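Step one of this worksheet: look at the structure below.
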Amino acid sequence: MLYFMDIGQNFRFGFYTASPADRMAAIKAAGFNSTMLWWGEEFVSSDGTKESLLALAKRNGLAVKTVHFPSTNAHQLWLDGEEGELYTHQLLQAVRDCSFYEIPNLVMHLTRKLITVPPNQTGIDRLASVCVEAEKLHVSLALENTRFLAYNRYVYEHLDSPALKFCFDTGHANCYTPDEDPLGLFGSRLATTHIHDNYGPAGHPDGLTAPSGATDLHNLIGDGNIDFTAVGRRLHALHNTVWNLESYCFAHSKYYGLSMQDYLNLSYSKLVALIKSSKEVNV
């Protein structure tokens, strides 16, 4: 049944001139039962604080099952010295926040874009301390697949913790690691998802890119070349119940120009169609 599924829309989906309250209400009105939040301070000016967004989600009857730890300083995990210690302290606090607010999944990156500090024992020791806390507080630390799957593999091979999970990002897999199989490698640890589309490493056929200039477009399902029929079936086979859209309505999207509510309605219909197509669902 669909009511056993978390059908989520990332709160930062675009339309940033609309108030946070209006955006949250529109997510609910489209049919979603869950939203995914950024667990940092970078977007306070447009979105409000993370605590205020949690309150808005609750007021609208939306669950929050996944939050994303800031990725800006992800490379600091592997650095000796104060930067790395501060990063670890912030990660520990985020785990405690998740426990306090009853959020089961905290997503994190292991690298920052092309900044690739070699993985090392310092980082493993720091993650081990975070995992001890996560285990105690029943929070999953979900490592996302980004550009370099070797980092995920290194952590899973050097650290054994039931709190150490995986967040599968469909767009990153298609854009950054098309010749690898992150879901095959790490799917046994799957806890949550980021679902969005793109055109692979070559980028958009018309030369359009994301605002960052990247080919990681974060498009709506169907605005790209990902085989979502295959993806959906694999996620279903792994008993996935957390389906989070991480798509944005930017100028490169073929749906740019829709109203906020029409865009979210379309987003919801496409995600539900994916979930239904992954198995036989009675609604």
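Everything numeric here is computed off the predicted structure, so don't read it as measured data.
The backbone N or O of G222 sits less than 3.5 Å from a side-chain atom of D197, completing a donor-acceptor pair. Using a distance-only test at 3.5 Å, with no hydrogens or angles considered, a donor-acceptor pair links the side chain of W78 to the main chain of L110. Of the possible donor and acceptor atoms, one in the side chain of H172 sits under 3.5 Å from a partner among the backbone N and O of N145. The backbone N or O of L77 lies less than 3.5 Å from a partner atom in the side chain of R126, making a donor-acceptor pair. Between the side chain of S71 and the backbone N or O of A74 there is no donor-acceptor pair closer than 3.5 Å. In terms of modelled atom types and a separation under 3.5 Å, the side chain of H158 and the main chain of Y154 share a donor-acceptor contact. In terms of modelled atom types and a separation under 3.5 Å, the side chain of D181 and the main chain of G184 share a donor-acceptor contact. When atom types are taken as modelled, the side chain of S52 and the backbone of G48 share no donor-acceptor pair closer than 3.5 angstrom. Between the side chain of T35 and the main chain of Q9, a donor-acceptor pair closer than 3.5 Å is present.
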message = I'd like to know whether Y87 forms a ring pair (Phe, Tyr, Trp, His ring centres under 6.0 Å) with F69, so could you lay out the CA-CA distance, the side-chain angles of the two residues, the decisive distance to 0.1 Å, and finally the verdict.
response = CA-CA 11 Å; Y87 180 85; F69 189 69; 5.5 Å; yes
ask   = Given the rule in the side-chain contact (heavy atoms from CB on, under 4.5 Å) test, do T116 and H75 qualify, once you have shown the distances and angles that lead to the verdict?
value = CA-CA 7 Å; T116 52; H75 64 289; over 6 Å; no
task = Any chance you could lay out the side-chain contact (heavy atoms from CB on, under 4.5 Å) test for V44 and E41, step after step, and finish with the verdict?
result = CA-CA 6 Å; V44 169; E41 308 299 328; 3.5 Å; yes
inquiry  = Determine whether S278 and L235 satisfy the following criterion, side-chain contact (heavy atoms from CB on, under 4.5 Å), listing intermediate values before the conclusion.
reply    = CA-CA 8 Å; S278 73; L235 289 174; over 6 Å; no
request  = Could you give me the CA-CA distance, side-chain angles and deciding distance for H138 and S99, then say whether side-chain contact (heavy atoms from CB on, under 4.5 Å) is met?
outcome  = CA-CA 7 Å; H138 307 290; S99 175; over 6 Å; no
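Rounding to the nearest 0.5 Å places OG1 of T49 at 8.5 Å from CG of L54. Atom CD of Q76 sits about 7.0 Å away from atom CG of L86, to the nearest 0.5 Å. For the atom pair I275 CD1 and M5 CE, the distance stands at 6.5 Å (nearest 0.5 Å). Remark: D223 CG to K270 NZ distance equals 8.5 Å, nearest 0.5 Å. The OG1 atom of T122 lies 9.0 Å from the CG atom of L79; values are rounded to the nearest 0.5 Å.
In the displayed structure, E82 atom CD is contacted under 6.0 Å by at most 12 heavy atoms of other residues, nucleotides or ligands. Within a 6.0 Å radius of CZ in R233, other residues, nucleotides and ligands contribute 12 heavy atoms or fewer. For E85, the CD atom counts as densely surrounded, since its 6.0 Å shell holds more than 12 non-hydrogen atoms of other residues, nucleotides or ligands. The environment of NZ in K113 is sparse: at most 12 heavy-atom neighbours from other residues, nucleotides or ligands sit within 6.0 Å.
A ring pair (Phe, Tyr, Trp, His ring centres under 6.0 Å) with F43 holds for exactly one of W38, Y16, F11; it is W38.
Note on ring orientation: taking the six-membered ring where Trp is involved, the planes of W39 and Y101 are perpendicular (angle over 60°, cut-offs 30° and 60°).
In this structure, R234 does not pair ionically with D227, as no charged nitrogen and carboxylate oxygen lie closer than 4.0 Å. Using a cutoff of 4.0 Å between basic side-chain nitrogens and carboxylate oxygens, R12 and E246 are not scored as salt-bridged. Salt bridge present: R23 and D47 bring a charged side-chain N and a carboxylate O closer than 4.0 Å.
Side-chain contact check for Q93 versus R96: some heavy-atom pair is nearer than 4.5 Å. Side-chain contact between Y156 and F166: present, with at least one pair of heavy atoms (C-beta onward) separated by less than 4.5 Å. Here the side chains of L258 and N265 are not in contact, with every heavy-atom distance at 4.5 Å or above. The shortest distance between side-chain heavy atoms of L62 and L56 does not fall below 4.5 Å. Counting only heavy atoms from C-beta outward, the side chains of N105 and V67 never approach each other to under 4.5 Å. With a 4.5 Å cut-off on side-chain heavy atoms, K165 and L190 do not count as touching. A 4.5 Å side-chain heavy-atom check between N240 and F168 finds every atom pair outside the cut-off. At a threshold of 4.5 Å between non-hydrogen side-chain atoms, the residues L164 and R189 count as touching.
For L217 against A210, the heavy-atom pair with the smallest separation is CD2-N, 3.3 Å. The two residues C98 and L106 make their nearest non-hydrogen contact at SG-CB, 4.0 Å. Between C131 and A163 the shortest heavy-atom distance is O-CB, 4.1 Å. In terms of heavy atoms, E135 sits closest to P162 at OE2-CD, 3.5 Å. When all heavy atoms are compared, the tightest approach of W243 to T193 is CA-OG1, 3.5 Å. The two residues N225 and Y199 have their closest heavy-atom pair at ND2-O, 3.2 Å.
In this structure, I195 is not a member of the same hydrophobic cluster as F250, with clusters built from ILVMFWY side-chain heavy atoms closer than 4.5 Å.
Under 3.5 Å, the side chains of N219 and S253 contain no donor-acceptor pair of N or O atoms. Between the side chains of H252 and D206, no donor-acceptor pair is found at a separation under 3.5 Å.
If you look at F32 and Y268, their ring centroids are closer than 6.0 Å. Between Y248 and F15, the ring center distance fails the sub-6.0 Å criterion.
Applying the side chain to side chain donor-acceptor pair (under 3.5 Å) definition to pairs two or more places apart or across chains, those involving residues 57-69 are D6-K65, T66-T192, T66-N244, H68-H109, H68-E144.
Partners of C175 according to the side-chain contact (heavy atoms from CB on, under 4.5 Å) rule, which considers only residues two or more places apart in sequence or in another chain, are N198, T215, D216.
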